[in-house]
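So you know, we letter chains A, B, ... as the sequences are listed, proteins then strands, and number each from 1.
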There are 2 protein chains.
Amino acid sequence: MLHSTYKCNAGCPVEGTMEVIGGKWKGVILYHLLEKTYRFGELKKIMPGITQHTLTKQLRELEAYDIVNRKVYAEVPPKVEYSLTERGKSLEKIILMMRDWGAANLSLAK
Amino acid sequence: MLHSTYKCNAGCPVEGTMEVIGGKWKGVILYHLLEKTYRFGELKKIMPGITQHTLTKQLRELEAYDIVNRKVYAEVPPKVEYSLTERGKSLEKIILMMRDWGAANLSLAK
DNA sequence: CCGTATCCTGCATGATACTG
DNA sequence: CAGTATCATGCAGGATACGG
């Protein structure tokens with residue numbers, strides 16, 4: 001979700017943040033990682049709709065922005081854990097507010 | 001930005017909010033409307049990168065979510081003003097936090 | 001001035017299969 | 001288990017032209 005061809009104006013920081021957390025699944029990923037560290041397979045399990053390919057990509061992008069930390073254990077079978085970096089944790093309020101707003105304003109329940 | 005085929009889980013409200021404000025320009029639009037009411041042409045002017053087509057579409061989507069209000073003046077030449085609804089204003093904190101986070105964490109300056 | 005109508009394109013996301 | 005490699009696709013967003 002990179003919009004490199006941006007005519008910058010006063011609203012830019014807002015859009016910049018959108019680019020970081022604006023992927024289709026990034027909000028959910030961050031929301032889960034807020035709670036605890038997760039292994040790759042666990043994330044896949046709690047987000048049944050996402051494919052392996054896409055999950056990997058979104059995690060890599062979050063990693064590139066220094067939002068999530070990727071810890072690889074040199075074991076067999078492999079084990080990879082994802083957690084929030086300090087910068088990632090600084091998004092907590094935003095994520096939680098988005099959750100609350102969504103819960104209050106959208107009829108996602110059923 | 002509708003993802004109708006969603007496997008819902010705990011993170012859903014977050015994603016729901018993302019769908020509402022997650023368009024490429026919606027963040028900026030909302031950020032500007034936070035400040036004051038704008039006419040269509042004014043919005044276009046302060047967001048030089050967006051096309052008329054896309055601006056119209058994003059505004060219509062925000063309108064559909066009851067985030068912005070569209071007021072048409074029966075004049076010649078036509079005059080259309082966009083403002084935030086109450087629901088739109090309730091997003092203010094989120095938008096401002098996104099702005100602050102972006103300003104603090106991204107090197108968009110210059 | 002504020003749109004809508006067409007047409008087009010890139011890229012985010014997905015499906016599927018294979019590997020260290 | 002946690003990925004890459006390929007290939008496919010839908011749709012958000014853009015270019016352009018026209019209309020009330």
Novice: Can you sort out which residues in residues 34-41 of chain B have a heavy atom within less than 4.0 Å of DNA chain D? Ascending by number, please.
Specialist: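 Contacting residues: none.
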Novice: Would you please test B:L91 and B:L34 for side-chain contact (heavy atoms from CB on, under 4.5 Å) and show each step?
Specialist: CA-CA 9 Å; B:L91 283 166; B:L34 228 47; over 6 Å; no
Novice: Think A:R60 has a side-chain N or O under 4.0 angstrom from the OP1 or OP2 of D:dT4?
Specialist: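 Yes, within the criterion.
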Novice: Return the minimal non-hydrogen interatomic distance between B:V14 and A:I95, and the atom names on each side.
Specialist: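 Between these two residues, the closest heavy atoms are CG2-O, 4.0 Å.
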Novice: Measure from NZ on B:K71 to C1' on C:dC1 and round the result to the nearest Å.
Specialist: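 Whole-Å distance recorded here is 18 Å.
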Novice: According to the side-chain hydrogen bond (donor to acceptor under 3.5 Å, both in side chains) rule, which pairs have a member within residues 43-57 of chain B, sequence neighbours left out?
Specialist: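 Counting only pairs at least two positions apart or across chains, the side-chain hydrogen bond (donor to acceptor under 3.5 Å, both in side chains) contacts touching residues 43-57 of chain B are B:T51-B:T54.
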Novice: Give the rounded distance in Å between these two atoms: CG of B:L59 and C1' of D:dG13.
Specialist: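 Interatomic distance, CG of B:L59 to C1' of D:dG13: 14 Å.
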Novice: So, for B:P13 and A:A103, which heavy atoms are closest and what is the spacing to 0.1 Å?
Specialist: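 So the minimum-distance heavy-atom pair works out to CB-N, 3.7 Å.
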Novice: Once each nucleotide of nucleotides 14-20 of chain C is scored for protein heavy atoms under 4.0 Å, what B/S/- sequence comes out, 5' to 3'?
Specialist: BB----B
Novice: Per the end-axis method with five pairs at each terminus, what is the bend angle of the helix from C:dC1-D:dG20 to C:dG20-D:dC1, to 10°?
Specialist: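 Inter-axis angle at the ends, rounded: 50°.
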Novice: Can you check the B:R70 CZ to C:dC2 P distance for me, whole Å?
Specialist: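 Value for this atom pair: 10 Å.
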Novice: Please enumerate all residues that pass salt bridge (charged side-chain N to carboxylate O under 4.0 Å, His left out) together with B:K89, with sequence neighbours excluded.
Specialist: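 Partners of B:K89 by the salt bridge (charged side-chain N to carboxylate O under 4.0 Å, His left out) criterion, ordered by chain and then number, come out as B:E86.
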Novice: Under the side-chain contact (heavy atoms from CB on, under 4.5 Å) criterion, do A:I50 and A:K24 qualify, and how do the steps go?
Specialist: CA-CA 10 Å; A:I50 197 173; A:K24 180 168 174 181; over 6 Å; no
Novice: Rounded to whole angstrom units, what separation is found between the CE atom of A:M18 and the C1' atom of D:dG13?
Specialist: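 Those two atoms, CE and C1', are 15 Å apart.
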Novice: Would you please name every residue forming a side chain to side chain contact (heavy atoms under 4.5 Å, CB included) with A:D66, sequence neighbours left out?
Specialist: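 For A:D66, the residues satisfying side chain to side chain contact (heavy atoms under 4.5 Å, CB included) (neighbours in sequence not counted) are A:T85, A:R87.
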Novice: Taking only distance into account, with no hydrogens and no angle test, what donor-acceptor pairs under 3.5 Å do side-chain atoms of residues 70-83 of chain B form with protein atoms, sequence neighbours excluded?
Specialist:
from  : atom 1 : to    : atom 2 : distance (Å)
B:R70 : NE     : B:Y82 : OH     : 3.2
B:Y73 : OH     : B:E81 : OE1    : 2.9
B:Y82 : OH     : B:R60 : NH1    : 3.4

Novice: Sequence neighbours left out, what passes salt bridge (charged side-chain N to carboxylate O under 4.0 Å, His left out) with A:E35? Give chain and number order.
Specialist: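 So A:E35 forms no salt bridge (charged side-chain N to carboxylate O under 4.0 Å, His left out) with any residue.
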Novice: Could you give the CG-to-P distance, from B:L43 to C:dC1, as a whole number of Å?
Specialist: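 From B:L43 CG to C:dC1 P: 15 Å.
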Novice: Looking for any heavy atom pair under 4.0 Å, which part of the strands does B:Y82 touch: base, sugar-phosphate only, or nothing?
Specialist: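 Sugar-phosphate, no base atom in range.
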Novice: With the side chain counted from C-beta on, respond yes when A:Y65 and A:E19 share a heavy-atom pair under 4.5 Å apart, and no when they do not.
Specialist: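 A:Y65 vs A:E19: side chains touch.
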Novice: Please state how far atom NZ in B:K57 lies from atom C1' in C:dT6, giving the value in whole angstrom units.
Specialist: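 Roughly 14 Å, once rounded to whole Å.
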Novice: Please step through side-chain contact (heavy atoms from CB on, under 4.5 Å) for the pair B:V20 and A:N105, ending with a clear verdict.
Specialist: CA-CA 10 Å; B:V20 173; A:N105 291 276; over 6 Å; no
Novice: Just the rounded figure in Å: distance from P of C:dA12 to CD1 of A:I29.
Specialist: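 For the pair A:I29 CD1 and C:dA12 P, the rounded distance is 15 Å.
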Novice: For A:E75 and D:dA2, give me the distance from atom CD to atom P, rounded to whole Å.
Specialist: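 Checked: the CD to P distance equals 10 Å.
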